[in-house]
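What follows is a set of notes on a single structure, which appears directly below.
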Amino acid sequence: MPGCFTIFQNQLILSPIPDRVYTLDFKFQLKPTKLVDDADSPIIPEKWQYVLVDGAVYRAKLFLNDEDFRDQQAQYEQGVKLLLAHNRDYFGRETGMQMEAG
């Protein structure tokens, strides 16, 4: 049974090589596409897009030395915590490619 994998040249490579047919279930992260046109939208669900806006406003206030940046930072961090709490598959997991027994 494979215990780890890697992706090379758009192919999933398992190690050790499977000795029979297995069903693989895995989750992955996508690199977000750039938002350049007016009609472009982020890939995250619409109900969480406000977190992106809060993060952008926080960084802008920080860059401009706005005295209000700490309030905005708290608002942004609270949004991130809510987002992660509602995504139970992510909560508590480490980033990187790993296979789980099962």
Side-chain angles (χ1 to χ4, degrees):
M1 176 176 212
C4 62
F5 70 93
T6 190
I7 298 174
F8 181 71
Q9 295 180 346
N10 290 328
Q11 292 187 18
L12 181 66
I13 300 172
L14 303 172
S15 179
I17 297 171
D19 58 352
R20 63 183 175 93
V21 175
Y22 292 94
T23 299
L24 299 175
D25 294 314
F26 58 94
K27 294 180 173 65
F28 59 93
Q29 295 178 350
L30 293 174
K31 185 175 181 179
T33 56
K34 293 183 179 181
L35 305 176
V36 293
D37 295 322
D38 290 343
D40 291 347
S41 61
I43 61 172
I44 65 171
E46 188 174 336
K47 75 178 198 172
W48 298 111
Q49 290 179 9
Y50 76 91
V51 178
L52 293 176
V53 175
D54 288 346
V57 172
Y58 157 60
R59 285 175 178 82
K61 287 184 174 189
L62 188 62
F63 177 77
L64 297 171
N65 293 318
D66 187 316
E67 295 174 8
D68 190 35
F69 83 90
R70 282 189 176 78
D71 293 336
Q72 189 66 40
Q73 179 183 16
Q75 183 175 333
Y76 167 62
E77 290 175 355
Q78 179 62 28
V80 171
K81 286 178 185 176
L82 285 171
L83 186 150
L84 294 177
H86 282 84
N87 184 352
R88 285 177 252 160
D89 289 336
Y90 177 85
F91 192 71
R93 296 177 74 122
E94 295 295 322
T95 58
M97 292 189 214
Q98 303 171 9
M99 291 190 70
E100 296 179 3

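Everything quoted here is computed from the prediction, not taken from an experiment.
The two residues Ile13 and Phe8 have their closest heavy-atom pair at CD1-CB, 3.6 Å. Considering every non-hydrogen atom in both Pro16 and Gly3, the closest pair reads CD-N, 3.8 Å. Between Asp68 and Lys61 the shortest heavy-atom distance is OD2-NZ, 2.6 Å. Minimum heavy-atom separation, Tyr58 to Phe69: CD1-O, 3.6 Å.
For Leu82, the side-chain contact (heavy atoms from CB on, under 4.5 Å) partners are Trp48, Tyr50, Gln78, His86, not counting sequence neighbours.
Taking OG1 of Thr6 as the start and CD of Gln11 as the end, the distance is 11.5 Å to the nearest 0.5 Å. Rounding to the nearest 0.5 angstrom, the gap separating the CG atom in Leu14 from the CE atom in Met1 is 10.5 Å. Ser41 OG to Glu46 CD: the interatomic distance, rounded to the nearest 0.5 Å, is 8.5 Å.
Among Gln73, Lys81, Gln75, the one residue that satisfies the side chain to side chain donor-acceptor pair (under 3.5 Å) test with Glu77 is Gln73.
Residues Leu52 and Tyr76 are members of one and the same hydrophobic cluster, defined by side-chain heavy-atom contacts under 4.5 angstrom among Ile, Leu, Val, Met, Phe, Trp and Tyr. Cluster annotation: Ile44 and Val51 are assigned to the same hydrophobic cluster (Ile/Leu/Val/Met/Phe/Trp/Tyr, side-chain heavy-atom contacts under 4.5 Å, transitive).
The number of heavy-atom neighbours closer than 6.0 Å to CG of Leu64, taken from other residues, nucleotides and ligands shown, is above 12.
A donor-acceptor distance shorter than 3.5 angstrom exists from the side chain of Asp40 to the backbone of Asp37, with no hydrogens or angles considered.
Cation-pi geometry between Arg20 and Tyr22 is met: the NZ or CZ atom falls under 6.0 Å from the ring centre, inside 45° of the normal.
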